[in-house]
Amino acid sequence: MPEEIYLSFRDIRKIFPGVVALDGVNLDVYRGEIHALLGENGAGKSTLMNILYGLYHQDGGEIFLKGEKYEHNTPKNAILHGIGMIHQHFMLIPNFTVLENIILGQTSPNPPKMEKEYFRKEIFKVADKFGIKIDLDLLVEEVSVGMQQKIEILKALYKGAELLILDEPTSVLTPQESQELFKMLDDLNKKGTTIIFISHKLNEVMQISDRISVLRDGELIATVSKSETDHHELSKLMVGREVEEEYQKEEAKYGEDVLILEKISLIDHHNHDRRLLKEISLKVCEGEIVGIAGVDENGQKELAEIISGLRKPSSGKISMFGRDVTHATTHQLIEMGMSYIPADRRNEGLVLEFSVAENTILETNYQKPFTKGISLQKSVITKFAQDLVREYDVRTPSVNVPVRNLSGGNQQKVIIGREFSKKTRFLLVVQPTWGLDVGAIEYVHHKLLEAREKGISVLLISTDLEEVRKLSDRILVIYEGEIVGQADTRTSVSEIGLMMAGSKKQTVSL
Amino acid sequence: MGLISVFISILAIAFALLIGAILMALADINPWEAYSYLLKSSFRNRYGFGETLTRFIPLLFSALSFAVAHKSGFFNVGAEGQLLMGAVGAVLVGAYLQGLPPVLHITLSILAGILFGAIWAGIAGLLKLAFGSNELINTMMLNYVALLFVEFLIHGPLKPADSYLYVSAEVLPSAKLPNIFPRTPLHLGLIISLVVVAGVFYLIYRTPLGYQMRTVGANIRAASYAGINIVRVTIAALIMTGGLAGMGGAIELLGAQFKVVEGFSSGYGYDGIGVAVMGRYNPVGIVLATLLFAIIRVGTGAMQRGAGVPFPLLNVLQGLIIIFVIASGYLTNKLTEAVVGGRA
Ligand SMILES: Nc1ncnc2c1ncn2[C@@H]1O[C@H](COP(=O)(O)OP(=O)(O)OP(=O)(O)O)[C@@H](O)[C@H]1O
Ligand SMILES: [Mg+2]
C-alpha cells in the first residue's frame, strides 16, 4: 500500500533574533506512522513543532495537512484540525480533578450549567475506544507524573486529535513509566493516531518509531526508516561525527577522604513514622567518582538536599574535608569548594528571566573580579560569560538574552560551565545529562572524568544506570531511602537492576 | 521597544481620558472644561507647577518603596503606614532635638524617618519569617495600626500644650528643608528624591546585594541552591522598602507640612502602588508615572471646584488610567512577541 502523506513541511524557515532556528526544512509525515525527530540541543525540533501547533509563526515556507495548505496556524486552529501537542511541561491545574482539567475550555452543551456528567460519559467513550484507564475524580496534584502525561494525552484525544506531538515525553518519566507510555502510544497508533515523537534517547527512538528524521542546526539532514538504520548511524547523523560508546578511564588515584556521611536519616515532616532516608553512610575520596543509582523518588532528591546544606538531617553526621558540616549552610559549603549541579535546571539551577550572563554569577556575584567595591563589574561579567559560552559551546545569539530563550540542552551547558569554572574540590551532580543530546552527554561525561583526573571528588546521583556505570568507580544503589547494595563497573546490569528494584539486599559498609 | 512602549502608554492614557470624558458627559459635565482645569492647575502658573512637584516627592518615595519590594519578591502594600511612621520618627527628632546645626538636624530627622519606616515594614517581615503569615495582609493591617497610632499621638503625647488643634509640635526651623523655588512650596526634597531614585536603581541593578535581591525575587529556589542567604537578603529588602516609605514621610514633614496632622498622608502610600506598576518598575517609567499622578492629584481639586466633577468620578478616572496602562503593557508584550517570536 502506498503511504499516504498526512502532513508535510515545505521549506520552513524561522529566525529568532540572532539565530536561524530553522533553515528550509522539508519533512513528510505519513498517516498512521510514529515519526521520531532527533537532533542536537538547539537543532530546532521544538521550534518546528511549535510552529505546527501555532505557538510560533514561520518566517517562510508552507505546511500541508492532508494535501491541503494549512494556513493560519494557531493552537485553536490546530485543535480544530486534529492536532494535539503534549508539552514537556504539563499544562494541568493541580487542584482540579482529572475530569475538570479535561473539560477546561470546552463549551457546555447546556450553559450556564457545567454538565459534568455529560462530559464524563463523552470522555469515557474516548477513553474506552483507546483503552485508557484513568480515574476521572482524582485531583491532578495527587497523581504521578506518568499519570499526568496520560491525562494530557487523553485530553488531546478527547479534543479529537488524530496527530499527537510529544516533545521529549520521557525526560520526566521513570523507565517503567516510559515503557507504559510506549505501550499506550503503540495502542493509539494501531487505532490510527499519527504520532510525532521528539527524543534524545536512541533506544527509545529505535524501540517505537517507524521512521526517524534528524535535524541539525535547523536543517533536515535525513529521514530514514527504522529497519534501515542503527544507533551508530543515527548518532553520527545527529552530531556529525562518531560518538564514543565507552570511555577510556585511567585507574582512580584515590586521595584523602572528602565527603563522609555517617548514618544519615531523615524523617518525613508530615508522617513521623516514615523515614525518607535510612541511616545512609557513604564516603567519597579525592579523584574518584561515586555513583548513586536508583529508580527516581527513592530518596535521591532528599540526599542531595542534605549534602548540599539545603536541608538538615534528622540524625547522623556529615563531614567534608575533615570538618563537621552537618549544620553548615549551602553558602559555607560552596565557599569550602562544593559545586552543585541540581536536577531541575529550570527551577533550581537557573533564574530563567535573567540573562545568560547574569546566570553565570549566581554564586560568585559578590566576589572579585565580578564585584569591585560595591559595584558589579558589567564588562568583566560579560567577558566571563562570553568566554564560558565559547568554551562550553552554549548556542546562544549573545550572553544578554534571557536564559529562558535557550534550548533545554544549552541551558544545562550554562549551569555546567558555571559550576566547572569555579575552584571546585567536591562536585555534587544530579541527573547531569537529562534532556541532553548524545554529543552533549559525551561532553559532560568527559568533563566529569576530567574533574576526577584533576583529583576532584565527584558524587553522581542519576537514575540513568548506563551513565552511572560508565562513569563511576564505585556504585551504590539506593532504594526507598536506603543504600541497599554496592557494585563496581564489573557488576552486571541485571544485578544492579535487581538491587534498584529492591529485590536484592546486601549489607554495605563504608 | 522602549519607544513603542512609551507610545502605547500615552495612547492608553488618552484612551482612559476619553472614557473619563464620556462618563463626565453622561454626568452633564463639560469634559473639555474639566480637563482644562486639570492641566491649568499644574501648568498655568508658577505656584501650581511648584505645588505639583511638591506632591511628586512623597509619591515618588512610596512608588520606589513598592518597586523595591516587588523586585525582591514580596508585596508591600504598607507604604502608607510606613510613611506615617516615618513622619512620626522625623517629628520626634525634628521638633524636640534642639541646638543642632541645620545639615545635621535634617540628616538626623530623615534617618529617624527611615528607621521608623523600616521598623514598621520589619514587623510585617518578621511575622512572615516567623509564622509564614502573608505579608500582603500584614502590611495592609499595619497601615490601620499606624493610622490609629498617629491619631493617638496627636491627641495626646505629641500635642503641644498650647494648641487646641489636634496636631503634633512643629519641626524646628533648623530641621526644615529649604525652599528651592520661591513663591511656591517646592523644597529641597525634590532633589533628594531624584538622587534617591538613581541610588535605588543603581543598588538594584549594579550591586551584588541588588543582584541577590532580584534573584530571590525571581526564583527563590535557585537563590537558595546558589547559597544566597535568603533571610539576610529579605531583611535588607524590607529595610529598604520600609525605609524608603519612611523617608518619604520624613521629607514630606520636613519640607512641606512641618506638623503631623490627621490625614497627613492622604493615600500617597496606596497611590505609590499604582505608580510603580504603571512605571513598569523602571526608573524613568516611575518618574514619569509619578509626575502624571502628581498632576492629577493637584488637578482634581480644581476639577472639583471649577467644573463640579464629583470626587468619586475623579477616583474612577485615576483607576481607568492605571488599568489602561497596565493592559497596554500586556499588549506591548504581545506585540513584541508577535514581531520577534516568544517562547512557550
Ligand atoms: N523564543 C525564542 N527566542 C530566541 N531564540 C529562541 C527561542 N526559541 C528557540 N530559540 C532558539 O532557536 C534554536 C532552536 O531551539 P529549539 O528549542 O527548537 O531546539 P530543540 O531542538 O528543541 O533543542 P532541545 O533538544 O535542547 O530542546 C535554539 O538556538 C534556541 O536558542
Ligand atoms: Mg526542545
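All values below were derived from every heavy atom in this structure, side-chain atoms included, with hydrogens, water molecules and symmetry-related copies excluded. Just so it is clear: chains get the letters A, B, ... in the order the sequence lines come, proteins before strands, and each one is counted from 1.
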> With a 4.5 angstrom heavy-atom cut-off, which part of B/Tyr202 approaches chain A: side chain, backbone, both or neither?
Replying inline: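 When you check distances to chain A, only side chain atoms of B/Tyr202 fall under 4.5 Å.
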> Which atom names give the shortest non-hydrogen contact between B/Ala226 and A/Ile334, and what distance separates them?
Replying inline: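 Smallest interatomic distance, heavy atoms only, reads O-CD1, 3.4 Å.
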> For chain A, which of B/Gly210, B/Ala223, B/Gly227, B/Pro208 has the most heavy-atom pairs under 4.5 Å?
Replying inline: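 The residue among B/Gly210, B/Ala223, B/Gly227, B/Pro208 with the greatest pair count is B/Pro208.
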>> Within this structure, what is the OG1-OH distance for the pair B/Thr207 and A/Tyr366, rounded to the nearest 0.5 Å?
In response: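 Rounded to the nearest 0.5 Å, the OG1-OH separation comes to 15.0 Å.
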>> Please report the interatomic distance OG1(B/Thr215) to CD(A/Glu363), rounded to the nearest 0.5 Å.
In response: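 Going from the OG1 atom of B/Thr215 to the CD atom of A/Glu363 covers 11.0 Å.
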> Do any N or O atoms from the side chain of A/Asn347 and from the backbone of B/Arg221 form a donor-acceptor pair under 3.5 angstrom?
Replying inline: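 No: the side chain of A/Asn347 does not pair with the backbone of B/Arg221.
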> Quick one: what part of A/Ile361 sits under 4.5 Å from any heavy atom of chain B, side chain, backbone, both or neither?
Replying inline: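 For A/Ile361, the contact with chain B is made by backbone and side chain together.
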> Is it the side chain or the backbone of A/Glu353 that comes within 4.5 Å of chain B heavy atoms, both, or neither?
Replying inline: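 Only the side chain of A/Glu353 comes within 4.5 Å of chain B.
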Under 4.5 Å, heavy atom to heavy atom: which of [range] reach chain B? Give them by number, or say none.
range: residues 301-313 of chain A; result: A/Glu305, A/Leu310
range: residues 371-384 of chain A; result: A/Thr371, A/Ile374, A/Ser375, A/Leu376, A/Lys378
range: residues 414-424 of chain A; result: none

>> Within a 6.0 Å radius of atom CZ on B/Phe75, are there more than 12 heavy atoms belonging to other residues, nucleotides or ligands?
In response: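 Open: at most 12 neighbouring heavy atoms sit under 6.0 Å from CZ of B/Phe75.
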>> Taking atom OH as the centre, does B/Tyr281 end up with more than 12 heavy-atom neighbours from other residues, nucleotides or ligands that are less than 6.0 angstrom away?
In response: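 Yes, because the 6.0 Å sphere around OH of B/Tyr281 holds more than 12 heavy atoms from other groups.
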Taking every heavy-atom pair that is under 4.5 Å apart, which of [options] has the most such pairs with chain B?
options: A/Thr364, A/Leu352, A/Leu350; result: A/Leu350
options: A/Leu333, A/Thr330, A/Thr329; result: A/Thr330
options: A/His57, A/Glu335, A/Gln332, A/His331; result: A/His331

>> Check for me whether the distance between the ring centres of A/Phe354 and B/Tyr211 falls short of 6.0 Å.
In response: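 Distance test on ring centres: under 6.0 Å, yes.
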>> B/His105: which residues meet the ring-ring contact (aromatic ring centres under 6.0 Å, His included) condition with it, sequence neighbours left out?
In response: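 With neighbours one apart ignored, the set is empty.
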> So, A/Glu358 and B/Arg214, do they make that salt bridge, N to O below 4.0 Å?
Replying inline: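 Yes, A/Glu358 and B/Arg214 are salt-bridged.
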